[in-house]
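Here's the structure, in structure tokens; my notes come after.
To find a chain, count down the sequence lines: A is the first, B the second, and so on, and within it residues start at 1.
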Amino acid sequence: MPPQPPSRPSPPPGFRRAVWERVTRIPRGRVLGYGMVAAMLGSPRAARQVGYALAALPPDTAVPWWRVLRSDGSIAMQGDPDRGPRQAELLTAEGVEVVDGRVDMARWCWDPGVDEGGGGA
DNA sequence: AGCGTGACAAGGT
DNA sequence: GACCTTGCCACGC
């Protein structure tokens, strides 16, 4: 199969909606990168749109937006400054180890099929 | 129809 | 390792 043609394979009716659906599949105590979510949706370069989609989430949303971080594991501090620290607390509440506003991606990054994890330490 | 925006990513300094 | 610059793609006006 071809590696990754620049053409859109099948653009969803609403990219934001697709992001919410995908983020909701992230198991508790696990995290993903904006670029990873975008790649799952078929647009590996639309990482910004993933963040933009989460920014459009309602205050009473059921989408675990806090489980999405930057590719390097750092928490996005853009937008509302109050949401940044809040995300760190939500992650910690789920058992994710957050150090100085950062998460060990190689350790907490969710891999579908290997949702067990536990291998930490 | 086009332009600007923005919870990002990767490369270079 | 950090900080800055460029490129990206979808959405709103």
Side-chain angles (χ1 to χ4, degrees):
Chain A
M1 60 188 269
Q4 194 72 357
S7 305
R8 268 73 64 201
S10 55
F15 196 87
R16 305 192 308 192
R17 178 53 182 269
V19 172
W20 304 343
E21 294 288 316
R22 176 57 60 166
V23 172
T24 304
R25 310 304 157 82
I26 303 176
R28 187 169 179 279
R30 204 56 72 167
V31 299
L32 276 182
Y34 295 99
M36 290 181 132
V37 177
M40 290 176 178
L41 299 177
S43 299
R45 306 295 174 221
R48 299 185 75 174
Q49 271 48 258
V50 176
Y52 191 60
L54 297 178
L57 282 168
D60 63 335
T61 182
V63 179
W65 52 266
W66 56 87
R67 292 174 191 157
V68 187
L69 342 169
R70 289 207 172 184
S71 63
D72 63 330
S74 59
I75 295 175
M77 291 286 184
Q78 307 301 61
D80 293 329
D82 292 324
R83 198 209 63 258
R86 189 182 310 288
Q87 181 168 4
E89 280 196 53
L90 285 164
L91 288 171
T92 304
E94 295 193 352
V96 178
E97 186 177 353
V98 182
V99 180
D100 189 37
R102 281 201 235 173
V103 177
D104 187 344
M105 248 312 183
R107 177 174 169 185
W108 296 101
C109 180
W110 177 46
D111 191 329
V114 190
D115 58 335
E116 179 284 321

> Do A:V23 and A:P64 come close enough that some side-chain heavy atom pair is under 4.5 Å?
Replying inline: yes

> In the single-linkage hydrophobic clustering (I, L, V, M, F, W, Y; side-chain heavy atoms under 4.5 Å), do A:W65 and A:Y52 co-cluster?
Replying inline: no

> With A:R28, which residues qualify under salt bridge (Lys or Arg N to Asp or Glu O under 4.0 Å), at least two apart?
Replying inline: none

> Among residues 89-105 of chain A, which contact DNA chain B at a heavy-atom distance under 4.0 Å?
Replying inline: none

> What residues, two or more places apart in sequence or in another chain, satisfy side-chain hydrogen bond (donor to acceptor under 3.5 Å, both in side chains) together with A:R45?
Replying inline: none

>> Going by side-chain contact (heavy atoms from CB on, under 4.5 Å), name the residues that satisfy it together with A:E21, two or more places apart in sequence or in a different chain.
In response: A:R17, A:R25

>> Once salt bridge (Lys or Arg N to Asp or Glu O under 4.0 Å) is applied, what residue pairs with a partner in residues 56-80 of chain A remain, sequence neighbours excluded?
In response: A:R67-A:E94

>> Side chains of A:I26 and A:V68, heavy atoms from C-beta outward: is any pair under 4.5 Å?
In response: yes

>> So if I define the base as every atom that isn't primed, P, OP1 or OP2, how would nucleotides 7-13 of chain B read as a B/S/- string at a heavy-atom cutoff under 4.0 Å?
In response: BBSS---

